[in-house]
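Notes for the one structure printed next.
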Amino acid sequence: MELAALLVNELAVDQVRGRRADPPADRRAALEAAFQRQGWTPSHALTSADADRLVDVAAALHLAFAGDVGALNQALVRHAAVPNLHGDPPVLAFHHPGADLVDAWAADAGTALAMVIGVGQGVRLRSCEADGCELVFFDVTRNASRRFCGLSCQNRAKATAYRARRRT
Ligand SMILES: [Zn+2]
């Protein structure tokens with residue numbers, strides 16, 4: 001789930017917290033910086049070619065966050081998602097043991113979104129509601145009521161609403 005949101009937020013959104021987000025000049029570096037912020041160490045080193053191929057994956061995952069089940073199904077087929085036990089002791093993953101990194105990430109991240117949608121929790125796949133922000137997140141609040149990606153957007157939205165009230 002975190003991987004899906006990270007890929008979308010790094011590679012597929014045009015606006016972030018009220019600012020235009022130009023596509024990163026070096027996608028590989030942008031992804032590695034994002035992994036570091038999350039405290040993750042990917043199991044395989046990412047190449048620039050991988051990072052470029054992940055742009056299409058991120059676009060499909062972004063559509064899934066917007067409720068486009070067809071785009072998600074296509075991505076699951078394209079990247080050969082299949083439940084599979086890896087290693088010893090066996091660990092459940094959703095890609096073939098021989099899948100390359102892009103297929104593996106697409107299959108695992110896509111399956112995570114599919115499982116959320118498939119148990120009727122698609123409402124928890126959200127995009128920030130603040131103006132000028134398209135960041136996605138997984139809403140873990142009890143009643144699925146989170147509206148913003150973070151405090152800065154929440155505060156911006158509050159200020160906008162306050163100004164709108166003062167004008168009327
Ligand atoms: Zn936001």
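Basis for what follows: all heavy atoms, side chains included, without hydrogens, waters or symmetry-related copies. Residue numbers run from 1 in the order of the sequence given. In listed order, ligands and their atoms are each counted from 1.
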How long is the gap from CG on Asn155 to CZ on Phe148, to the nearest 0.5 Å?
9.5 Å
Do the side chains of Val8 and Ile117 join up, straight or via other hydrophobic residues, at under 4.5 Å, putting them in one cluster?
yes
I want to check something: taking the side chain as every heavy atom from C-beta on, are Ser152 and Arg17 in contact at a cut-off of under 4.5 Å?
yes
How many protein atoms of type N/O/S are positioned less than 2.8 Å from the Zn ion (ligand 1)?
4
Do Val13 and Leu54 share a hydrophobic cluster (ILVMFWY, side-chain heavy atoms under 4.5 Å, transitive)?
yes
Taking the side chain as every heavy atom from C-beta outward, state whether Gln38 and Leu6 have any atom pair closer than 4.5 Å.
yes
Pairing donors with acceptors under 3.5 angstrom, does anything connect the side chains of Asp108 and His95?
yes
